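These notes concern the structure reproduced below.
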Amino acid sequence: MRPHPRPARPARRARPFRRLARRAAGLVLAATTLTSVAGPAHADHERLPSGRTLVPYVVEPGDTVSALAVEHHAWTAEIVAHNHLGSTGALQVGQRLEIPVVGKRSGGGSPTTMWQHPDPEREKVRRVVAGAARNHGVDPQLALAVSWQESGWQMGVVSHARAIGAMQVLPSTGQWMEDYAGRPLDLRRLGDNARAGVLLLDVLSRHTQRRTHKIGAYYQGLGAVRRHGLYDETKAYVADVEAIKQRLESGRPPA
């Protein structure tokens, strides 16, 4: 990742260690673009039937309730009722939802569980990164896809630009994320490294209006994305991350 100063002008970072992944076409969600930002929805847990797993999600431009239901294997009506979205089911960019994922796919398929890595060390990274993402309202599959692209779910990776660990966090970025964590972060510890990377994704989601720009800003830097758009190498990075995310969402290995 590229460094981000505490002001709104993060500096461009050097290219980090990356692992290549297969490319795949992204899921296109058709909806009206929304630009206002809302706070967390007030969820009502008592309304849900049994067999539901609550998955946190932050609304992005283009999202609709029906599309989220298809993507996450949930019922549209349950998303609306659980998050008190009203009769129209209108969403606002930045709004925090809890999606009641149905325990099994429609048609009686297998449970919607995450793929687990056979290597114990990488599986530990997967669990910690996914847990940190859930705790901070970030899509776990996105955080895992970024981590795999950056490090292959390995804590021992340090780039030539000094980006550290599973989420490839620069020391300067780690210091910036301490403001959001509310405490010091040791980037060489898995839990703190995962938290720093997840917090950065959360911050970027508040300052970008496109999913591709959020992912691209993690690699290129928010300031550079705003000034220049996505560089060619950043576009390739984004495509790789989205391909990995889709593989994980379908229960397949990341590469």
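For clarity, every value in this text was computed on a predicted model and none was experimentally measured.
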>> With heavy-atom distances below 4.5 Å as the criterion, would you say the side chains of Arg226 and His207 are in contact?
In response: yes
> Do Val125 and Gln154 come within less than 4.5 Å of each other through their side chains, counting heavy atoms only?
Replying inline: no
>> Just verifying a value: how many Å separate Leu199 CG and Tyr180 OH, rounded to the nearest 0.5 Å?
In response: 9.0 Å
>> Between Val241 and Leu142, is there a side-chain heavy-atom distance shorter than 4.5 Å?
In response: yes
> Between Glu123 and Arg126, is there a side-chain N and carboxylate O pair less than 4.0 Å apart?
Replying inline: yes
>> If the condition is salt bridge (charged side-chain N to carboxylate O under 4.0 Å, His left out), which residues does Lys214 pass it with, not counting sequence neighbours?
In response: Glu60
>> Can you tell me how far apart CG (Leu68) and CG (Leu97) are? Round to the nearest 0.5 Å.
In response: 7.0 Å
> For the hydrophobic clusters of this structure (ILVMFWY residues joined by side-chain heavy atoms under 4.5 Å, transitively), does one cluster hold both Met177 and Val138?
Replying inline: yes
>> For Arg210 and Thr212, which I'm curious about, is there any donor-acceptor pair between the side chains at under 3.5 Å?
In response: no
>> For a side-chain contact (heavy atoms from CB on, under 4.5 Å) check, start with the C-alpha distance between Lys245 and Asp139, then their side-chain angles and the critical distance, and finish with the verdict.
In response: CA-CA 10 Å; Lys245 182 175 182 291; Asp139 181 354; 2.9 Å; yes
> Roughly how far, to the nearest 0.5 Å, is the CZ atom of Arg211 from the CG atom of Leu204?
Replying inline: 14.0 Å
> Got a sec, which pairs hit side chain to side chain donor-acceptor pair (under 3.5 Å) with one end in residues 194-205, sequence neighbours left out?
Replying inline: Arg96-Asp202, Asp202-Arg206
> Under a 4.5 Å cut-off applied to non-hydrogen side-chain atoms, are Glu150 and Tyr218 in contact?
Replying inline: yes
> Do you know which two heavy atoms are closest between Ala224 and Tyr231, and how far apart they sit?
Replying inline: CB-OH, 4.0 Å
> Hey, are Arg183 and Asp192 close enough for a salt bridge, meaning a charged N less than 4.0 Å from a carboxylate O?
Replying inline: yes
> Is the backbone N or O of Gln246 less than 3.5 Å from a side-chain atom of Ser250, with the two atoms forming a donor-acceptor pair by type?
Replying inline: yes
> Under a 4.5 Å cut-off applied to non-hydrogen side-chain atoms, are Leu54 and Ile99 in contact?
Replying inline: no
> Can you find a pair of side-chain heavy atoms, one from Asp119 and one from Trp153, that are under 4.5 Å apart?
Replying inline: no
> What are the two closest non-hydrogen atoms of Ala166 and Ser147, and how far apart are they?
Replying inline: O-OG, 2.9 Å
> Where is the tightest heavy-atom contact between Gly137 and Pro56, given as atom of each residue plus distance?
Replying inline: CA-CB, 3.9 Å
> Would Val58 and Val65 show up in the same hydrophobic cluster when neighbours are defined by side-chain heavy atoms closer than 4.5 Å?
Replying inline: no
> Is there any salt bridge (charged side-chain N to carboxylate O under 4.0 Å, His left out) pair reaching into residues 74-93, and which pairs are they, with sequence neighbours excluded?
Replying inline: Arg52-Glu78
> What class does the angle between the rings of Tyr219 and Tyr237 fall in, given that below 30° is parallel, 30 to 60° is tilted and above 60° is perpendicular?
Replying inline: parallel
> Can you tell if the side chain of Val55 reaches within under 4.5 Å of the side chain of Glu98, non-hydrogen atoms only?
Replying inline: no
> Looking only at heavy atoms, what is the nearest atom pair of Val157 and Ser151, with distance?
Replying inline: CG2-O, 4.0 Å
>> Looking at every non-hydrogen atom in both residues, tell me the closest pair between Met155 and Arg188 and how far apart they are.
In response: CE-O, 3.5 Å
>> Could you measure the distance from the NE2 atom of His84 to the NE2 atom of His82? Nearest 0.5 Å is fine.
In response: 8.0 Å
>> For Leu170 versus Ala161, what's the shortest heavy-atom pair and its separation?
In response: CD2-O, 3.0 Å
> Hey, what do you get for CD (Gln220) to NZ (Lys235), rounding to the nearest 0.5 Å?
Replying inline: 10.0 Å
> Going through the distances and angles, do Ile215 and Val238 end up as a side-chain contact (heavy atoms from CB on, under 4.5 Å)?
Replying inline: CA-CA 6 Å; Ile215 299 172; Val238 172; 4.0 Å; yes
> Rounded to the nearest 0.5 Å, what separation is found between the CD1 atom of Ile244 and the CZ atom of Arg252?
Replying inline: 12.0 Å
> Are side-chain heavy atoms of Ile164 and Asn193 found at a separation under 4.5 Å?
Replying inline: yes
